[in-house]
There are 2 protein chains.
Amino acid sequence: MIRVLLAEDQAMVRGALSALLRLEPDMDVVASAADGQEAWRLIEQHAPDVVVTDIEMPGLTGLELAQRVRERGAACKVVIVTTFARPGYLRRALEAGVVGYLLKDAPAEQLADALRKVHRGGRVVDPQLAVDAWSEADPLNDRERQVLRLAGEGLSAGEVAAQLHLSQGTVRNYLSEAIGKLGVGNRIEAYRLARQKGWL
Amino acid sequence: MIRVLLAEDQAMVRGALSALLRLEPDMDVVASAADGQEAWRLIEQHAPDVVVTDIEMPGLTGLELAQRVRERGAACKVVIVTTFARPGYLRRALEAGVVGYLLKDAPAEQLADALRKVHRGGRVVDPQLAVDAWSEADPLNDRERQVLRLAGEGLSAGEVAAQLHLSQGTVRNYLSEAIGKLGVGNRIEAYRLARQKGWL
DNA sequence: AATTGCGGTTGACATTCGTCACCTGCGCGG
DNA sequence: CCGCGCAGGTGACGAATGTCAACCGCAATT
(Lines give C-alpha, C1' and ligand atoms only; values in the text may rest on other atoms or scores of the structure.)
Protein backbone atom coordinates (compact mmCIF):
# COMPACT_ATOMS: atom_id res chain seq x y z
CA MET A 1 0.00 0.00 0.00
CA ILE A 2 1.48 3.32 -1.06
CA ARG A 3 0.62 6.13 1.33
CA VAL A 4 0.25 9.39 -0.61
CA LEU A 5 -0.02 13.00 0.48
CA LEU A 6 -1.45 15.56 -1.92
CA ALA A 7 -0.55 19.27 -2.02
CA GLU A 8 -2.40 21.41 -4.55
CA ASP A 9 -3.95 24.81 -4.06
CA GLN A 10 -6.98 24.47 -6.30
CA ALA A 11 -9.55 22.63 -4.24
CA MET A 12 -11.39 21.13 -7.17
CA VAL A 13 -8.25 19.77 -8.77
CA ARG A 14 -7.10 18.49 -5.39
CA GLY A 15 -10.35 16.64 -4.88
CA ALA A 16 -10.28 15.26 -8.40
CA LEU A 17 -6.71 13.98 -8.13
CA SER A 18 -7.62 12.41 -4.84
CA ALA A 19 -10.53 10.62 -6.48
CA LEU A 20 -8.25 9.48 -9.26
CA LEU A 21 -5.71 7.95 -6.89
CA ARG A 22 -8.33 6.36 -4.69
CA LEU A 23 -9.41 4.32 -7.70
CA GLU A 24 -6.07 2.52 -7.53
CA PRO A 25 -6.27 -0.46 -5.22
CA ASP A 26 -2.69 -0.08 -4.02
CA MET A 27 -2.86 3.63 -3.22
CA ASP A 28 -4.03 5.43 -0.14
CA VAL A 29 -4.39 9.22 -0.02
CA VAL A 30 -3.73 9.79 3.67
CA ALA A 31 -4.19 13.57 3.59
CA SER A 32 -4.28 16.57 1.31
CA ALA A 33 -3.15 20.16 1.74
CA ALA A 34 -3.97 23.47 0.09
CA ASP A 35 -0.51 24.98 0.51
CA GLY A 36 3.08 24.16 1.35
CA GLN A 37 2.91 25.00 5.03
CA GLU A 38 -0.07 22.77 5.65
CA ALA A 39 1.56 20.05 3.59
CA TRP A 40 4.65 20.14 5.78
CA ARG A 41 2.60 19.80 8.96
CA LEU A 42 0.75 16.85 7.48
CA ILE A 43 3.97 15.21 6.36
CA GLU A 44 5.32 15.32 9.90
CA GLN A 45 2.05 13.97 11.20
CA HIS A 46 1.38 11.17 8.72
CA ALA A 47 4.84 10.31 7.36
CA PRO A 48 3.56 9.39 3.88
CA ASP A 49 5.61 7.40 1.39
CA VAL A 50 5.15 9.88 -1.43
CA VAL A 51 4.22 13.56 -1.60
CA VAL A 52 2.54 14.77 -4.77
CA THR A 53 2.77 18.54 -4.97
CA ASP A 54 2.07 21.42 -7.29
CA ILE A 55 4.68 24.19 -7.52
CA GLU A 56 2.88 27.50 -7.43
CA MET A 57 1.08 27.62 -4.11
CA PRO A 58 0.54 30.46 -1.64
CA GLY A 59 3.07 30.71 1.16
CA LEU A 60 5.43 27.80 0.69
CA THR A 61 5.89 26.68 -2.91
CA GLY A 62 6.28 23.07 -3.96
CA LEU A 63 9.97 23.62 -4.61
CA GLU A 64 10.51 25.04 -1.14
CA LEU A 65 8.54 22.17 0.30
CA ALA A 66 10.80 19.68 -1.47
CA GLN A 67 13.84 21.48 -0.14
CA ARG A 68 12.49 21.32 3.39
CA VAL A 69 11.70 17.63 3.09
CA ARG A 70 15.28 17.01 2.15
CA GLU A 71 16.82 19.30 4.77
CA ARG A 72 14.76 17.93 7.62
CA GLY A 73 15.42 14.39 6.45
CA ALA A 74 11.80 13.30 6.15
CA ALA A 75 11.68 9.81 4.68
CA CYS A 76 9.38 10.54 1.77
CA LYS A 77 9.79 10.96 -1.96
CA VAL A 78 8.57 14.14 -3.60
CA VAL A 79 6.85 14.19 -6.98
CA ILE A 80 6.04 17.51 -8.65
CA VAL A 81 2.89 17.77 -10.74
CA THR A 82 2.57 21.15 -12.36
CA THR A 83 1.27 23.13 -15.31
CA PHE A 84 4.61 24.72 -15.94
CA ALA A 85 7.05 23.26 -18.41
CA ARG A 86 9.77 25.63 -17.31
CA PRO A 87 13.31 24.35 -17.47
CA GLY A 88 14.29 26.43 -14.46
CA TYR A 89 11.65 24.80 -12.33
CA LEU A 90 12.76 21.31 -13.25
CA ARG A 91 16.33 22.15 -12.51
CA ARG A 92 15.58 23.61 -9.12
CA ALA A 93 13.31 20.68 -8.39
CA LEU A 94 16.04 18.16 -9.11
CA GLU A 95 18.49 20.15 -7.03
CA ALA A 96 15.99 19.95 -4.19
CA GLY A 97 16.03 16.17 -4.38
CA VAL A 98 12.74 15.68 -6.16
CA VAL A 99 12.41 12.23 -7.75
CA GLY A 100 9.50 12.91 -10.10
CA TYR A 101 8.40 15.79 -12.31
CA LEU A 102 5.17 15.43 -14.29
CA LEU A 103 3.15 17.92 -16.27
CA LYS A 104 -0.57 18.31 -15.91
CA ASP A 105 -0.62 17.91 -19.68
CA ALA A 106 0.41 14.29 -19.29
CA PRO A 107 -2.30 11.60 -19.37
CA ALA A 108 -3.93 10.87 -16.04
CA GLU A 109 -3.04 7.18 -16.07
CA GLN A 110 0.60 8.15 -15.95
CA LEU A 111 0.29 9.52 -12.43
CA ALA A 112 -0.34 6.28 -10.61
CA ASP A 113 2.35 4.54 -12.66
CA ALA A 114 4.81 7.26 -11.83
CA LEU A 115 4.05 7.01 -8.13
CA ARG A 116 4.63 3.26 -8.19
CA LYS A 117 7.90 3.63 -10.00
CA VAL A 118 9.04 6.31 -7.58
CA HIS A 119 7.98 4.23 -4.62
CA ARG A 120 10.18 1.41 -5.89
CA GLY A 121 13.10 3.83 -5.87
CA GLY A 122 12.95 5.01 -9.47
CA ARG A 123 12.85 8.45 -11.00
CA VAL A 124 10.27 9.88 -13.38
CA VAL A 125 10.91 13.04 -15.36
CA ASP A 126 8.95 14.26 -18.34
CA PRO A 127 11.35 13.39 -21.16
CA GLN A 128 10.55 16.40 -23.33
CA LEU A 129 11.44 18.68 -20.48
CA ALA A 130 14.59 16.88 -19.43
CA VAL A 131 16.44 17.97 -22.55
CA ASP A 132 15.58 21.65 -22.29
CA ALA A 133 16.47 21.76 -18.65
CA TRP A 134 20.19 21.55 -19.04
CA SER A 135 20.31 23.42 -22.29
CA GLU A 136 20.16 26.90 -20.89
CA ALA A 137 21.34 28.01 -17.47
CA ASP A 138 19.76 30.83 -15.52
CA PRO A 139 22.09 33.77 -16.08
CA LEU A 140 20.60 35.89 -13.30
CA ASN A 141 22.01 36.25 -9.82
CA ASP A 142 19.93 36.69 -6.66
CA ARG A 143 19.81 40.44 -6.71
CA GLU A 144 18.85 40.62 -10.34
CA ARG A 145 16.09 38.12 -9.74
CA GLN A 146 14.64 40.06 -6.82
CA VAL A 147 14.80 43.37 -8.60
CA LEU A 148 13.28 41.97 -11.76
CA ARG A 149 10.44 40.37 -9.84
CA LEU A 150 9.44 43.64 -8.24
CA ALA A 151 9.95 45.71 -11.37
CA GLY A 152 7.72 43.25 -13.18
CA GLU A 153 4.89 44.09 -10.79
CA GLY A 154 5.03 47.65 -11.99
CA LEU A 155 7.13 49.15 -9.21
CA SER A 156 9.42 51.98 -10.22
CA ALA A 157 13.15 51.88 -9.57
CA GLY A 158 12.67 54.04 -6.49
CA GLU A 159 9.98 51.80 -5.03
CA VAL A 160 12.03 48.69 -5.62
CA ALA A 161 15.01 50.40 -4.00
CA ALA A 162 12.93 51.20 -0.92
CA GLN A 163 11.73 47.62 -0.54
CA LEU A 164 15.18 46.13 -0.85
CA HIS A 165 17.03 48.84 1.08
CA LEU A 166 19.14 49.71 -1.89
CA SER A 167 19.74 52.95 -3.72
CA GLN A 168 17.80 53.88 -6.78
CA GLY A 169 20.88 53.86 -8.97
CA THR A 170 21.85 50.37 -7.89
CA VAL A 171 18.43 49.07 -8.77
CA ARG A 172 18.75 50.56 -12.21
CA ASN A 173 22.14 48.99 -12.58
CA TYR A 174 20.80 45.54 -11.72
CA LEU A 175 17.90 46.01 -14.06
CA SER A 176 20.24 47.07 -16.80
CA GLU A 177 22.43 44.03 -16.14
CA ALA A 178 19.44 41.71 -16.32
CA ILE A 179 18.17 43.28 -19.52
CA GLY A 180 21.60 42.86 -21.04
CA LYS A 181 22.04 39.25 -19.92
CA LEU A 182 18.65 38.29 -21.29
CA GLY A 183 19.28 40.07 -24.56
CA VAL A 184 16.07 42.07 -24.52
CA GLY A 185 15.23 45.74 -24.77
CA ASN A 186 13.48 46.72 -21.56
CA ARG A 187 12.37 45.55 -18.13
CA ILE A 188 9.01 44.32 -19.31
CA GLU A 189 10.45 41.92 -21.84
CA ALA A 190 13.09 40.88 -19.35
CA TYR A 191 10.44 40.03 -16.80
CA ARG A 192 8.34 38.10 -19.27
CA LEU A 193 11.26 36.12 -20.59
CA ALA A 194 12.66 35.28 -17.16
CA ARG A 195 9.24 34.26 -15.97
CA GLN A 196 8.57 32.07 -18.95
CA LYS A 197 11.88 30.30 -18.48
CA GLY A 198 11.07 29.66 -14.84
CA TRP A 199 13.88 31.83 -13.53
CA LEU A 200 11.42 34.17 -11.87
CA MET B 1 -28.59 9.32 -15.15
CA ILE B 2 -26.88 12.57 -16.06
CA ARG B 3 -24.79 12.30 -19.21
CA VAL B 4 -21.74 14.56 -18.92
CA LEU B 5 -19.16 15.70 -21.46
CA LEU B 6 -15.84 17.07 -20.21
CA ALA B 7 -13.70 19.66 -22.00
CA GLU B 8 -10.38 20.54 -20.38
CA ASP B 9 -6.98 20.93 -22.00
CA GLN B 10 -4.79 19.53 -19.24
CA ALA B 11 -4.96 15.78 -19.64
CA MET B 12 -4.21 15.00 -16.03
CA VAL B 13 -6.88 17.32 -14.72
CA ARG B 14 -9.30 15.99 -17.30
CA GLY B 15 -8.68 12.43 -16.20
CA ALA B 16 -8.95 13.36 -12.54
CA LEU B 17 -12.24 15.19 -12.98
CA SER B 18 -13.53 12.25 -14.92
CA ALA B 19 -12.60 9.94 -12.05
CA LEU B 20 -14.29 12.31 -9.64
CA LEU B 21 -17.57 12.31 -11.54
CA ARG B 22 -17.54 8.56 -12.14
CA LEU B 23 -17.65 8.12 -8.38
CA GLU B 24 -21.16 9.56 -8.45
CA PRO B 25 -23.73 6.85 -9.07
CA ASP B 26 -26.03 9.11 -11.06
CA MET B 27 -23.37 10.53 -13.38
CA ASP B 28 -21.98 9.18 -16.60
CA VAL B 29 -19.01 10.80 -18.34
CA VAL B 30 -19.82 9.92 -21.93
CA ALA B 31 -16.75 11.53 -23.46
CA SER B 32 -13.99 14.04 -22.83
CA ALA B 33 -12.19 16.51 -25.08
CA ALA B 34 -8.88 18.35 -24.98
CA ASP B 35 -10.09 21.45 -26.79
CA GLY B 36 -13.21 23.27 -27.92
CA GLN B 37 -13.27 21.90 -31.45
CA GLU B 38 -13.13 18.32 -30.31
CA ALA B 39 -15.72 19.05 -27.66
CA TRP B 40 -18.14 20.37 -30.27
CA ARG B 41 -17.75 17.25 -32.41
CA LEU B 42 -18.39 15.05 -29.40
CA ILE B 43 -21.42 17.09 -28.39
CA GLU B 44 -22.99 16.51 -31.81
CA GLN B 45 -22.14 12.86 -31.60
CA HIS B 46 -23.23 12.07 -28.04
CA ALA B 47 -25.78 14.77 -27.24
CA PRO B 48 -24.86 14.95 -23.53
CA ASP B 49 -27.10 16.57 -20.92
CA VAL B 50 -24.36 18.77 -19.51
CA VAL B 51 -21.04 20.05 -20.83
CA VAL B 52 -18.37 20.88 -18.26
CA THR B 53 -15.71 23.06 -19.83
CA ASP B 54 -12.63 25.07 -18.98
CA ILE B 55 -12.25 28.50 -20.59
CA GLU B 56 -8.68 28.82 -21.79
CA MET B 57 -8.17 26.06 -24.30
CA PRO B 58 -6.30 25.97 -27.62
CA GLY B 59 -8.37 26.68 -30.69
CA LEU B 60 -11.90 27.16 -29.50
CA THR B 61 -12.23 28.55 -25.97
CA GLY B 62 -14.90 27.48 -23.51
CA LEU B 63 -16.73 30.76 -24.02
CA GLU B 64 -16.79 30.31 -27.77
CA LEU B 65 -17.94 26.74 -27.30
CA ALA B 66 -20.84 27.93 -25.13
CA GLN B 67 -21.79 30.45 -27.78
CA ARG B 68 -21.79 27.80 -30.46
CA VAL B 69 -23.93 25.47 -28.37
CA ARG B 70 -26.49 28.22 -28.04
CA GLU B 71 -26.39 29.31 -31.69
CA ARG B 72 -26.67 25.80 -33.09
CA GLY B 73 -29.43 25.02 -30.59
CA ALA B 74 -27.81 21.96 -29.06
CA ALA B 75 -29.96 20.74 -26.19
CA CYS B 76 -27.32 20.77 -23.50
CA LYS B 77 -26.46 22.96 -20.56
CA VAL B 78 -22.98 24.44 -20.31
CA VAL B 79 -21.09 24.74 -17.04
CA ILE B 80 -17.77 26.59 -16.92
CA VAL B 81 -15.09 25.36 -14.54
CA THR B 82 -12.05 27.58 -14.59
CA THR B 83 -9.12 28.97 -12.66
CA PHE B 84 -9.94 32.51 -13.55
CA ALA B 85 -12.06 34.65 -11.27
CA ARG B 86 -12.30 37.39 -13.85
CA PRO B 87 -15.50 39.40 -13.86
CA GLY B 88 -15.19 39.93 -17.60
CA TYR B 89 -15.19 36.19 -18.21
CA LEU B 90 -18.28 35.61 -16.10
CA ARG B 91 -20.11 38.33 -17.86
CA ARG B 92 -19.27 36.99 -21.30
CA ALA B 93 -20.14 33.48 -20.14
CA LEU B 94 -23.60 34.52 -18.99
CA GLU B 95 -24.17 36.40 -22.22
CA ALA B 96 -23.33 33.17 -24.03
CA GLY B 97 -26.09 31.36 -22.19
CA VAL B 98 -23.95 29.48 -19.71
CA VAL B 99 -25.93 28.17 -16.73
CA GLY B 100 -23.06 27.44 -14.35
CA TYR B 101 -19.74 29.11 -13.50
CA LEU B 102 -17.51 27.45 -10.91
CA LEU B 103 -13.94 28.13 -9.88
CA LYS B 104 -11.32 25.43 -9.56
CA ASP B 105 -10.76 26.89 -6.11
CA ALA B 106 -14.16 25.63 -5.04
CA PRO B 107 -14.36 22.32 -3.15
CA ALA B 108 -14.57 19.25 -5.36
CA GLU B 109 -17.84 18.03 -3.84
CA GLN B 110 -19.51 21.12 -5.20
CA LEU B 111 -19.07 20.02 -8.79
CA ALA B 112 -21.46 17.07 -8.75
CA ASP B 113 -24.02 19.07 -6.79
CA ALA B 114 -23.80 21.89 -9.28
CA LEU B 115 -24.28 19.53 -12.20
CA ARG B 116 -27.40 18.07 -10.58
CA LYS B 117 -28.85 21.47 -9.91
CA VAL B 118 -28.15 22.60 -13.46
CA HIS B 119 -29.63 19.41 -14.85
CA ARG B 120 -32.83 20.15 -12.95
CA GLY B 121 -32.94 23.52 -14.70
CA GLY B 122 -31.21 25.66 -12.08
CA ARG B 123 -28.27 28.03 -12.31
CA VAL B 124 -25.05 27.93 -10.32
CA VAL B 125 -22.70 30.89 -10.18
CA ASP B 126 -19.90 31.37 -7.71
CA PRO B 127 -21.47 33.92 -5.37
CA GLN B 128 -18.27 35.80 -4.63
CA LEU B 129 -17.78 36.41 -8.32
CA ALA B 130 -21.36 37.30 -9.12
CA VAL B 131 -21.14 40.54 -7.19
CA ASP B 132 -17.91 41.73 -8.81
CA ALA B 133 -19.16 40.93 -12.26
CA TRP B 134 -21.77 43.64 -12.48
CA SER B 135 -20.08 46.03 -10.11
CA GLU B 136 -17.36 47.21 -12.37
CA ALA B 137 -17.62 47.75 -16.09
CA ASP B 138 -14.63 47.73 -18.39
CA PRO B 139 -13.64 51.41 -18.66
CA LEU B 140 -11.35 50.90 -21.63
CA ASN B 141 -12.27 51.55 -25.24
CA ASP B 142 -11.02 49.51 -28.18
CA ARG B 143 -7.96 51.57 -28.90
CA GLU B 144 -6.85 51.64 -25.31
CA ARG B 145 -7.26 47.89 -25.09
CA GLN B 146 -5.18 47.26 -28.21
CA VAL B 147 -2.45 49.64 -27.17
CA LEU B 148 -2.31 48.26 -23.66
CA ARG B 149 -2.11 44.70 -24.90
CA LEU B 150 0.91 45.44 -27.05
CA ALA B 151 2.60 47.65 -24.49
CA GLY B 152 2.18 44.85 -21.99
CA GLU B 153 4.25 42.58 -24.21
CA GLY B 154 7.14 44.95 -23.80
CA LEU B 155 6.79 46.92 -27.02
CA SER B 156 7.78 50.57 -26.86
CA ALA B 157 5.43 53.37 -27.83
CA GLY B 158 7.09 53.59 -31.23
CA GLU B 159 6.73 49.88 -31.94
CA VAL B 160 3.09 49.88 -30.92
CA ALA B 161 2.50 52.89 -33.14
CA ALA B 162 4.04 51.10 -36.11
CA GLN B 163 1.86 48.02 -35.62
CA LEU B 164 -1.35 49.99 -35.34
CA HIS B 165 -0.49 52.61 -37.97
CA LEU B 166 -0.74 55.41 -35.45
CA SER B 167 1.69 58.07 -34.39
CA GLN B 168 3.92 57.66 -31.42
CA GLY B 169 2.32 60.52 -29.57
CA THR B 170 -1.15 59.10 -30.01
CA VAL B 171 -0.06 55.82 -28.53
CA ARG B 172 1.34 57.62 -25.54
CA ASN B 173 -1.89 59.49 -25.13
CA TYR B 174 -3.95 56.29 -25.17
CA LEU B 175 -1.60 54.72 -22.71
CA SER B 176 -1.87 57.75 -20.49
CA GLU B 177 -5.66 57.62 -20.72
CA ALA B 178 -5.70 53.95 -19.79
CA ILE B 179 -3.35 54.49 -16.89
CA GLY B 180 -5.58 57.29 -15.65
CA LYS B 181 -8.82 55.35 -16.03
CA LEU B 182 -7.41 52.40 -14.16
CA GLY B 183 -6.03 54.59 -11.42
CA VAL B 184 -2.52 53.19 -11.56
CA GLY B 185 0.92 54.68 -12.03
CA ASN B 186 2.40 53.18 -15.19
CA ARG B 187 1.75 50.90 -18.14
CA ILE B 188 2.95 47.79 -16.38
CA GLU B 189 0.44 48.10 -13.56
CA ALA B 190 -2.26 49.07 -16.03
CA TYR B 191 -1.61 45.94 -18.08
CA ARG B 192 -1.63 43.69 -15.03
CA LEU B 193 -4.82 45.16 -13.65
CA ALA B 194 -6.69 45.04 -16.94
CA ARG B 195 -5.57 41.50 -17.51
CA GLN B 196 -6.56 40.39 -14.06
CA LYS B 197 -10.03 41.84 -14.49
CA GLY B 198 -10.45 39.96 -17.74
CA TRP B 199 -10.58 43.12 -19.84
CA LEU B 200 -7.45 42.22 -21.67
C1' DA C 1 -23.33 78.30 -42.01
C1' DA C 2 -22.17 77.76 -37.57
C1' DT C 3 -21.74 74.26 -33.80
C1' DT C 4 -20.60 70.42 -31.52
C1' DG C 5 -18.23 66.18 -30.89
C1' DC C 6 -14.82 62.73 -31.91
C1' DG C 7 -10.58 60.30 -33.46
C1' DG C 8 -6.19 61.35 -34.21
C1' DT C 9 -1.97 64.52 -34.06
C1' DT C 10 1.50 67.71 -32.35
C1' DG C 11 4.69 69.82 -29.27
C1' DA C 12 6.42 70.91 -24.90
C1' DC C 13 7.65 69.51 -20.21
C1' DA C 14 9.03 66.87 -16.11
C1' DT C 15 10.12 62.12 -14.82
C1' DT C 16 11.71 57.87 -15.22
C1' DC C 17 14.60 54.44 -17.67
C1' DG C 18 18.68 52.29 -19.61
C1' DT C 19 23.66 52.77 -20.01
C1' DC C 20 28.20 53.54 -18.69
C1' DA C 21 32.35 54.84 -16.39
C1' DC C 22 34.06 55.32 -12.08
C1' DC C 23 34.19 55.37 -6.93
C1' DT C 24 33.90 53.05 -2.13
C1' DG C 25 34.28 49.77 1.49
C1' DC C 26 35.16 45.09 2.82
C1' DG C 27 36.63 40.40 3.05
C1' DC C 28 40.09 36.99 1.69
C1' DG C 29 44.07 34.68 -0.07
C1' DG C 30 48.83 35.41 -0.90
C1' DC D 1 50.57 44.23 4.35
C1' DC D 2 49.19 44.30 -0.41
C1' DG D 3 46.29 43.36 -4.08
C1' DC D 4 42.18 41.48 -5.78
C1' DG D 5 37.42 40.67 -6.41
C1' DC D 6 32.88 41.82 -5.29
C1' DA D 7 28.53 44.10 -3.66
C1' DG D 8 26.84 48.43 -3.73
C1' DG D 9 26.76 53.57 -4.81
C1' DT D 10 27.31 57.97 -7.61
C1' DG D 11 26.81 60.99 -11.41
C1' DA D 12 25.96 62.06 -15.83
C1' DC D 13 23.75 61.53 -20.50
C1' DG D 14 20.40 60.33 -23.97
C1' DA D 15 16.24 57.95 -24.78
C1' DA D 16 11.67 56.59 -23.54
C1' DT D 17 7.62 57.53 -20.73
C1' DG D 18 3.64 60.06 -18.65
C1' DT D 19 0.97 64.38 -18.73
C1' DC D 20 -1.29 68.41 -20.85
C1' DA D 21 -3.10 71.63 -23.71
C1' DA D 22 -3.85 72.94 -28.13
C1' DC D 23 -4.84 71.75 -32.87
C1' DC D 24 -6.85 69.50 -37.19
C1' DG D 25 -10.19 67.40 -40.26
C1' DC D 26 -14.74 65.50 -40.62
C1' DA D 27 -19.21 63.89 -39.77
C1' DA D 28 -23.53 64.69 -37.52
C1' DT D 29 -26.45 68.32 -35.65
C1' DT D 30 -29.17 72.58 -35.30
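In what follows, chains are A, B, ... by sequence order, proteins preceding strands, each numbered from 1. The figures that follow rest on heavy atoms only: side chains count, while hydrogens, waters and symmetry mates do not. Given the structure is predicted, the values throughout are model-derived calculations rather than measurements.
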Intermediate values then yes/no, side-chain contact (heavy atoms from CB on, under 4.5 Å), Val81(A) and Thr53(A)
CA-CA 6 Å; Val81(A) 175; Thr53(A) 178; over 6 Å; no
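The CG atom of Leu42(A) sits 5.5 Å away from the CD atom of Glu38(A) when rounded to the nearest 0.5 Å. Note: Thr61(B) OG1 to Asp9(B) CG = 11.5 Å, rounded to the nearest 0.5 Å.
Listed nucleotides dG9(D), dG18(C), dG8(C) differ in distance to Thr170(A); the shortest reach to its side chain belongs to dG9(D).
Atoms CD (Gln168(A)) and P (dG18(C)) sit 12 Å apart, rounded to a whole Å. Summarising the geometry, the separation between CD on Glu144(B) and C1' on dG18(D) is reported as 15 Å, rounded to the nearest angstrom. The separation between Lys181(B) atom NZ and dG18(D) atom P is 17 Å, rounded to whole Å. If you take CD of Gln146(A) and P of dG8(D), they are 9 Å apart, rounded to a whole angstrom. Atom pair Arg145(A):CZ and dA7(D):C1' shows a separation of 16 Å (rounding to whole Å applied). Atoms CD1 (Ile188(A)) and C1' (dA16(D)) sit 11 Å apart, rounded to a whole Å.
Put simply, the residue from Leu90(A), Ile80(A), Leu102(A), Leu103(A) that forms a side chain to side chain contact (heavy atoms under 4.5 Å, CB included) with Asp126(A) is Leu103(A).
Taking side-chain N and O atoms only, Tyr174(B) has a distance below 4.0 Å to OP1 or OP2 of dG8(C). At least one side-chain nitrogen or oxygen of Arg187(B) sits closer than 4.0 Å to the OP1 or OP2 atom of dT17(D).
With salt bridges taken as basic N to acidic carboxylate O contacts below 4.0 Å, one links Asp54(B) and Lys104(B).
Under the 3.5 Å distance criterion, the side-chain polar atoms of Asn186(B) are matched with a main-chain donor or acceptor of Glu189(B). At least one donor-acceptor pair closer than 3.5 Å links the side chain of Arg14(B) to the backbone N or O of Glu8(B).
Contact record, Ala151(A) with Ile188(B): O-CD1, 3.9 Å, taken as the closest heavy-atom pair.
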Could you write out each protein N or O paired with an N or O of nucleotides 19-22 of chain D at a distance under 3.5 Å?
residue, atom, partner, partner atom, Å
dT19(D), OP2, Ser176(B), OG, 3.0
dC20(D), N4, Asn173(B), OD1, 2.8

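Annotation: side-chain hydrogen bond (donor to acceptor under 3.5 Å, both in side chains) contacts of Asp28(A) (sequence neighbours excluded): none.
Using a 4.0 Å cutoff on non-hydrogen atoms, the parts of residues 152-167 of chain A near DNA chain C are Ser156(A), Ala157(A), ordered by number.
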